[in-house]
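The structure appears right after this line, and notes come after that.
Bear in mind that the values here come from a model prediction, so they are computed numbers and not experimental data.
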Amino acid sequence: MTIDPWLLERLVCPATRTPLRYDAERGELVSEAAGVAYPVRDGVPVLLVEEARRLEGISSA
């Protein structure tokens, strides 16, 4: 599954308001600035801070 490029250009991290990167292998939207990844379920981004997974090796701002 992929994210529509038009949509991806407009999505931002709800915690930092920075752009997100789509990780197709894991099916997540990654916020490098916040050090978290948001799930994409059935093609729908779940941009809730409570649902985000902490990334290892990345310090959050």
Side-chain angles (χ1 to χ4, degrees):
M1 176 153 302
T2 62
I3 296 288
D4 182 324
W6 180 89
L7 178 61
L8 187 57
E9 287 179 14
R10 286 152 180 80
L11 293 176
V12 295
C13 173
T16 63
R17 303 288 188 235
T18 57
L20 297 166
R21 172 181 57 83
Y22 182 60
D23 181 345
E25 185 176 310
R26 295 189 73 125
E28 299 175 322
L29 289 166
V30 178
S31 171
E32 303 289 344
V36 298
Y38 298 94
V40 177
R41 297 186 184 130
D42 297 322
V44 178
V46 181
L47 298 178
L48 299 172
V49 175
E50 302 82 33
E51 295 288 324
R53 177 180 67 82
R54 281 257 165 238
L55 299 175
E56 296 178 19
I58 296 179
S59 61
S60 58

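In terms of the side-chain contact (heavy atoms from CB on, under 4.5 Å) criterion, residue partners of Leu8 (sequence neighbours excluded) are, by chain and number, Ile3, Tyr22, Leu29. With sequence neighbours left out, Arg53 forms a side-chain contact (heavy atoms from CB on, under 4.5 Å) with Arg26, Glu28, Ala37, Leu55.
The side-chain heavy atoms of Tyr38 and Val49, taken from C-beta on, include a pair separated by under 4.5 Å.
Hydrophobic clustering, with ILVMFWY side chains joined whenever heavy atoms are under 4.5 angstrom apart, keeps Val30 apart from Val46. No path of Ile, Leu, Val, Met, Phe, Trp and Tyr side chains, each step under 4.5 Å between heavy atoms, connects Leu48 with Val40, placing them in separate hydrophobic clusters. In the hydrophobic cluster analysis, where Ile, Leu, Val, Met, Phe, Trp and Tyr join through side-chain heavy atoms closer than 4.5 angstrom, Val44 is grouped apart from Leu11.
The shortest non-hydrogen separation linking Ala34 to Ser31 is N-OG, 3.2 Å. The shortest non-hydrogen separation linking Arg17 to Val12 is C-CB, 3.9 Å.
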